[in-house]
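Down below is the structure, laid out as structure tokens.
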Amino acid sequence: MNIYEKLLAVQQDTKCQKGQYNSFGNYKYRNLEDVWAAVKPVAASYGAVLTCTDTIVQIGDRFYVEATATIYDIESGENISVKASARED
């Protein structure tokens, strides 16, 4: 199984409930801890490890959190990373 097949399998097999509640906005959501609790055992069963790191970057006069999620295939050493950014209102 190559890394893309493992990623697909992990994505298909992971079920993550919205375990948090925002009483001000009256909605449920999931946080990173909820996602990790759901995905780590699934990834491990396919011989994969997931990491997430974030850094603060400044672009112009705005500050952004840039998060990078990476899946590693522990058998081949291959990895896939994706990045996303968010900023304050």
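Remember, predicted model here, so these are calculated numbers, not experimental data.
The nearest pair of heavy atoms linking Glu5 to Met1 is OE1-CA, 3.1 Å. Contact detail for Cys52 and Trp36: the closest heavy-atom pair is CB-CZ2, 3.5 Å. Lys28 approaches Lys18 most closely through the heavy-atom pair O-CD, 3.6 Å.
Residue Gln17 qualifies as open at atom CD: its count of foreign heavy atoms under 6.0 Å is 12 or below.
Residues satisfying the side chain to side chain contact (heavy atoms under 4.5 Å, CB included) criterion with Gln11, sequence neighbours excluded, are Leu7. Taking Glu66 as the reference, nothing meets the side-chain hydrogen bond (donor to acceptor under 3.5 Å, both in side chains) condition, with sequence neighbours excluded.
Put simply, the side chain of Arg62 never gets that close to the backbone of Arg87: no donor and acceptor are under 3.5 Å apart. Of the possible donor and acceptor atoms, none in the side chain of Gln12 sits under 3.5 Å from a partner among the backbone N and O of Ala9.
Annotation: the span from Tyr46 atom OH to Ile3 atom CD1 amounts to 14.5 Å, rounded to 0.5 Å. Between the CZ atom in Phe63 and the CD1 atom in Ile56 there is a gap of 9.0 Å [rounded to 0.5 Å].
A continuous path of ILVMFWY side-chain contacts below 4.5 Å connects Val10 to Leu32, so both sit in one hydrophobic cluster. One hydrophobic cluster, built from ILVMFWY side chains closer than 4.5 Å, cannot hold both Leu50 and Leu8; they sit in different ones.
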### Task
Could you please spell out the steps behind the side-chain hydrogen bond (donor to acceptor under 3.5 Å, both in side chains) verdict for Asp34 and Tyr29?
CA-CA 9 Å; Asp34 296 330; Tyr29 66 98; over 6 Å; no
Mind listing the side-chain donor-acceptor pairs of residues 71-83 below 3.5 Å, one per line with the distance, residues two or more places apart or on another chain?
| unit_1 | atom_1 | unit_2 | atom_2 | d |
| --- | --- | --- | --- | --- |
| Asp73 | OD1 | Lys6 | NZ | 2.8 |
| Asp73 | OD1 | Glu75 | N | 2.8 |
| Asp73 | OD1 | Ser76 | N | 3.3 |
| Asp73 | OD2 | Lys6 | NZ | 3.4 |
| Asp73 | OD2 | Ser76 | OG | 3.3 |
| Glu75 | OE1 | Lys6 | NZ | 3.0 |
| Ser76 | OG | Glu78 | N | 3.2 |
| Ser76 | OG | Glu78 | OE1 | 3.2 |
| Ser81 | OG | Thr70 | OG1 | 2.7 |

